[in-house]
Amino acid sequence: MKFSLMNDQSSNAVQTRVRFAPSPTGYLHLGGARTALYNWLWARKNDGVFILRIEDTDAERSTTESVQEILDGLHWLGLNWDEGPYFQSHNLKKHSEAASGLLATGNAYRCFCSKEDLEAQRNDAEKQKVAFMYDGRCRKLDQDEIENRLRNNDSFVVRFKVPRDSDSTIVFDDAVYGRMEKRAADIEDFVILRSDGSPLYILSNAVDDTLDRISHVIRGADGLANTPKQVLIYEALGVVPPIFAHMPLTLDNKKAKLSKRVHGESVTIAYYKNRGFLPWALCNFMALLGWSGPDGQEFFSRDELIKAFDLSRINRANSIFNYTPGDSKNWTDPKAIHFNSTYLRTMPIEELFPYVKEELVAKELWNESYETGQKQWFQKTIDLIRSRFLTLEDFSSRGRAYFSDDFEFDEKAVKKNLKCDDRLAFFLPELADEIEQLEDYNSSALEEVFRSFADKKEIKAGLIINAARTAVSGSSVGPGLFELLDIVGKTRVVNRLRSAKGLVNK
RNA sequence: GUCCCCAUCGUCUAGCCCGGCCUAGGACACAGGCCUUUCACGCCUGCGACAGGGGUUCGAAUCCCCUUGGGGACGCCA
């Protein structure tokens, strides 16, 4: 009794069901990932269901590698789906059945016009710079002729019969763009079934969304102009259309739509993973490309973003993803870097740990003891060096000297800090001797050694401080010297100071 | 060519729906300063926009129209 009451109540509220429906014809790129993110956010916000549907009905271009890349990308971003992946190709039969239904109810008709013929017409129209629209001549075919041609095995496509009453208008309310109206007269009788009997996207997509009971279609604004056609299909099928929410497009700095084909790997999710991005930093950044919170907050935890996110606050204007391929500094949008570096240096060390580990493992700098005996040291080291890092890659490049003796010396640093004064050739070994004697090896003891050494030799402390920095880390920049020396450790510091002699004279 | 959408600092944007609180706010980037053994971080300051033109109104970034600019869609692609 109680049970059925609960059921009744829950059936009153329509469950939020959204989907991300990429076609597996290439990489998962920023635009797609952002669409996935917005859908995911909306599902989570409404305790709804996030569905992954692979629209693989373009057999020519779909690949299994691409499917894998999409799965990997979403997984890495942390955008977990609740149902799927479904494959659109598995539903092909349902789609053509829907077309048959539309044929039976008089909402569609067979068109025997040849592809070549129509293409020629289209080309002509283009040459004359006039709009081409199929004239619907096959609408008028009488039953006898149709049967004749069918007996004859003439090939045909199925076209949707767009209402032709003079003032017929298709209306829908977009959650982002508001009320959209389009005159039916501006829509041609579009093809829904190919001559080989296979369905087209415009049909398959609407049928699948119906079958999956999708409540909200959140997709790129490039779908906006197609929506009236789909609304027509829903209506002809006798189904209430989902709520549409079109999101503005992301453009490149030349204002061209971001696409895998022209932008290649530099806009792919895999690339950001390889270049040392934290997945959530990327999500947080992407969320702000076309959406903003009510109070100006920019950094959001997952829960915060889910709570703050709302379709009504999605912007209508396209945004530019401001990156310059090939530019080492602006290889991606500077604001994306800002999000990554801020997360990198403020997130709890324990959360950062696995990412740094992965990076060091990949670059063969990982030592199992970082997770066991030297764990404390390792965490302290990460914490010390991360404040000037931008991506995870920095831990293995700029941070190399902390994890390996096999690191490079920056030429400019050597010139500036070691070759600047010949006396360093014996100052540094002397310092090494003094440091070796230290019983309590820590940053304040080290500072004491350096300060008194400078007094003794009547030199500026900066001379040996900067020299030691370069001798020990290979660089002219980095953390405060005494913390640096403390972290690198007595043995390595002494060795590096002694061998730096060679760099001074050379 | 036709249809549709959009328009605030270099970029992401707040404000627009419900005109006055906007000498237009924030963030990134950039420039300068402070801090400092270096470089970052941090803090402070600066630079910097309502596309243009008409209306409506006492008053317009906000409402209306036009122009311009940008984008998207027009396929037997998805």
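Keep in mind it's a predicted model, so treat the numbers as computed, not measured. So that the names make sense, note that chain A is the first sequence line, chain B the second, and so on, each numbered from 1.
Of the residues in residues 172-181 of chain A, those lying under 4.0 Å from RNA chain B by heavy-atom distance are A:Tyr177, A:Met180.
Salt bridge absent: A:Asp410 and A:Lys416 never bring a charged side-chain N and a carboxylate O closer than 4.0 Å. A salt bridge links A:Arg137 to A:Asp135: at least one charged side-chain nitrogen sits closer than 4.0 Å to a carboxylate oxygen. Ion pair A:Arg159/A:Asp189 not flagged as a salt bridge, since none of the NZ, NE, NH1 or NH2 atoms sits closer than 4.0 Å to an Asp/Glu carboxylate oxygen. A salt bridge is defined here as a Lys NZ or Arg NE, NH1 or NH2 lying under 4.0 Å from an Asp or Glu carboxylate O, and A:Arg423 with A:Asp421 meets this definition.
With sequence neighbours excluded, the residues satisfying side-chain hydrogen bond (donor to acceptor under 3.5 Å, both in side chains) with A:Asp212 are A:Arg53. In this structure, the salt bridge (Lys or Arg N to Asp or Glu O under 4.0 Å) partners of A:Arg183, at least two apart in sequence or on a different chain, are A:Asp186.
Taking the P atom of each, B:rG70 and B:rA29 are spaced 30 Å apart, rounded to whole Å. A distance of about 25 Å separates the C1' atoms of B:rU67 and B:rC74, rounded to the whole Å. Comparing the P positions of B:rG42 and B:rA27 gives a spacing of 12 Å, expressed to the nearest Å.
Base contact: A:Pro479 has a heavy atom under 4.0 Å from a base atom. Residue A:Gly220 is out of contact with every strand shown, counting any heavy-atom pair closer than 4.0 Å. If you check every strand for non-hydrogen atoms under 4.0 Å, A:Gly462 touches nothing. Using a 4.0 Å heavy-atom criterion, one finds that A:Ile320 contacts the sugar-phosphate atoms exclusively. Note on A:Arg469: a base of the nucleic acid sits closer than 4.0 angstrom, heavy atoms only. Nucleic acid contact class of A:Ala461 (heavy atoms, under 4.0 Å, all strands): none. Contacts of A:Lys329 with the nucleic acid, taken as non-hydrogen atoms under 4.0 Å apart, involve only primed sugar atoms and P, OP1 or OP2.
Taking a pair to require two hydrogen-bonding distances under 3.5 Å in either a Watson-Crick or a G-U wobble arrangement, B:rA61 remains unpaired. Searching all strands for a Watson-Crick or G-U wobble partner of B:rG42 with both distances below 3.5 Å returns B:rC34. Searching all strands for a Watson-Crick or G-U wobble partner of B:rC47 with both distances below 3.5 Å returns nothing. The partner of B:rA24 is absent, by the rule that a Watson-Crick or G-U pair needs both atom distances under 3.5 Å. Base pairing of B:rC3: its partner is B:rG72, meeting the Watson-Crick or G-U wobble criterion (both donor-acceptor distances under 3.5 Å).
Taking the six-membered ring where the residue is Trp, A:Tyr109 and A:Tyr134 present parallel rings, their angle staying beneath 30° rather than reaching 60°.
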Which letters describe nucleotides 64-78 of chain B, given B = protein heavy atom under 4.0 Å from base, S = only from sugar-phosphate, - = neither? ------SSSS-SBBB
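The cationic atom of A:Arg34 (NZ for Lys, CZ for Arg) lies less than 6.0 Å from the six-membered ring centre of A:Tyr38 and within 45° of the ring axis.
Remark: the A:Tyr86 side chain and the A:Asp208 side chain contain no N/O donor-acceptor pair separated by less than 3.5 Å. Neither side chain, A:Glu181 nor A:Thr169, offers a donor N or O lying under 3.5 Å from an acceptor on the other.
Listed by first and then second residue, the side-chain hydrogen bond (donor to acceptor under 3.5 Å, both in side chains) pairs that reach into residues 450-479 of chain A are A:Asn417-A:Thr470, A:Glu430-A:Lys457, A:Glu434-A:Lys456, A:Glu447-A:Arg451, sequence neighbours excluded.
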Produce the list of close N/O pairs, under 3.5 Å, pairing protein atoms with atoms of nucleotides 15-19 of chain B; give distances to one decimal.
residue, atom, partner, partner atom, Å
B:rG15, OP1, A:Arg313, NH1, 3.3

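Each of A:Asp333 and A:Phe482 has a nearest nucleotide on RNA chain B; the 5'-most of these lies closest to A:Asp333.
A:Leu431 pairs in a side-chain contact (heavy atoms from CB on, under 4.5 Å) with only one of the listed residues (A:Ile464, A:Leu446, A:Leu424), which is A:Ile464.
Judged by atom type and distance alone, A:Arg345 does not reach the base of B:rC41 through any side-chain donor-acceptor pair under 3.5 Å.
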